[in-house]
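To start, the structure itself, in C-alpha cells.
Note on naming: letters A, B, ... go to the chains in the order of the sequence lines (proteins, then strands), and numbering restarts at 1 for each one.
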Number of protein chains: 2
Amino acid sequence: MLERHDLLFKTLGDPTRRAIFERLCREGEQTVAALTTHAGISQPAVSKHLGVLKQAGLVAGRDAGRQTHYSALPGSLAPLNDWTREMETFWERRFDDLEDLLKRMDQ
Amino acid sequence: MLERHDLLFKTLGDPTRRAIFERLCREGEQTVAALTTHAGISQPAVSKHLGVLKQAGLVAGRDAGRQTHYSALPGSLAPLNDWTREMETFWERRFDDLEDLLKRMDQ
DNA sequence: CACACTCATAACTCGCTGGTTATGGATCAT
DNA sequence: ATGATCCATAACCAGCGAGTTATGAGTGTG
C-alpha cells in the first residue's frame, strides 16, 4: 500500500529530480533538451526523471513534433501541504492541551 | 551542496520513517520500544531511522534512565511549507501573466 | 529519399540505504 | 552482585535506483 504522500516525498526526495521540477515551476514549459543542458546529467537520465515525475502526477508532457514540452502541474503539491498542516495541527492541539493542563493546575 | 529541503524530502521519502515521524506527531513522546512494536521492523532498524530523523532536525530524544523518549520537533516542517508555497507562487504569477496577456489581447 | 535531430527505452553498472543479527554499555530490579 | 531490560552501534547483506552507453522510433529538413 504505497500512499500518495509516500510517492510524492519519494519522488521529490532526489535532489536532481527536485531541481528539474523546481526549474519547471520557475521557468514554465521546457523541452527535454533545455532541461538536459542545465541538469548536468545525460539526456536519458533526464527522461527517466521526467517519467518518475509524470508518474507521481507532478508533471505533464505535451508532444510537439519531435520534441516534448514538459510543465509542472499546478495543484500537484496540495497533498504535501495538507499533510504538513495536519502534522502541525497535532502540535497545536498538544500545545492547547498543555495550556489547559497548566490552567487547571493554576486553580 | 545538500540543501535543507533535500535533506527533509529525502528523510521523509522512506515510508517506514515517515510513519514513525507521523506517529510521533499524532501520539506525542514515545520510547523506542513503543515505536518498535508498531513499526513492524527490528529495534535496531527503528533506532537507525530515529537517528536519520534526528539528523534532519525533525525529532529529538530525551534520555530517561535506560530508555530514550523521542518526540517530533514543532516547526521542523516549516521549510517544506515555505518551499511548496514558493512553487505555488510561481504558478499564480504565471496565471496572472496569462490573464494580463488575455486582457491585452482583448483590447 | 536521405540525413539530422529529439526523445524514449533497453541493458547494464554500481553505490547507497534499509533491513538483518550480534553485541555491548547503561540502567533498573531482585 | 546478578540478571533482565532498553537502546545504540557494528558488521554484514540484498535490493533499489540513479547514472551510464547504445540504440531505435518518430519527426522535421535538404
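- Between the B:Arg17 side chain and the B:Thr11 main chain, a donor and an acceptor come within less than 3.5 Å of each other.
- Whole-Å rounding puts the B:Gln55 CD to C:dG18 P distance at 13 Å.
- Comparing B:Gln43 and A:Pro44 by the nucleotide of DNA chain D whose heavy atom lies nearest to each, the residue mapping closer to the 5' end is B:Gln43.
- In this structure, A:His49 does not reach the D:dG17 phosphate: none of its side-chain N or O atoms is under 4.0 Å from OP1 or OP2.
- Distance CD (B:Gln30) to C1' (D:dC7): 16 Å, rounded to an integer number of Å.
- Counting to the nearest Å, the P atom of C:dA8 and the CZ atom of A:Arg62 are 14 Å from each other.
- Contact annotation: the side chain of A:Phe21 approaches that of A:Leu77 to within less than 4.5 Å [non-hydrogen atoms, C-beta and beyond].
- Here the side chains of B:Tyr70 and B:Ser47 are not in contact, with every heavy-atom distance at 4.5 Å or above.
- Residue B:Tyr70 places no side-chain N or O under 4.0 Å from the OP1 or OP2 atom of D:dC6.
- In this structure, the side chains of B:Asp6 and B:Glu3 come closer than 4.5 Å at one or more pairs of heavy atoms.
- The side chain of B:Ser42 places no N or O atom within less than 4.0 Å of a non-bridging phosphate oxygen (OP1 or OP2) of C:dG19.
- Distances shown here put every side-chain N or O of B:Lys48 at or beyond 4.0 Å from the OP1 or OP2 atom of D:dA10.
- A 4.5 Å side-chain heavy-atom check between A:Leu12 and B:Lys10 finds every atom pair outside the cut-off.
- Between the C1' atom of C:dA8 and the CD atom of A:Gln67 lies a distance of 15 Å, rounded to the nearest Å.
- Across all strands shown, B:Ala45 has heavy atoms under 4.0 Å from base atoms, whether or not it also approaches the sugar-phosphate.
- Map B:Ala64 and A:Arg66 each onto its nearest nucleotide of DNA chain C; the residue landing nearer the 5' end is A:Arg66.
- Between A:Thr16 and D:dG19 there is a side-chain polar atom (N or O) within less than 4.0 angstrom of OP1 or OP2.
- Proximity of B:Ser47 to the phosphate of D:dC7: no side-chain N or O atom is located under 4.0 Å from OP1 or OP2.
- In this structure, the CG atom of A:Asp14 is 12 Å from the C1' atom of C:dC16, given to the nearest Å.
- Here the P atom of nucleotide D:dA8 and the CD1 atom of B:Ile41 are 13 Å apart, to the nearest Å.
- Atom CG of B:Asp63 and atom P of C:dG25 are 17 Å apart (whole Å).
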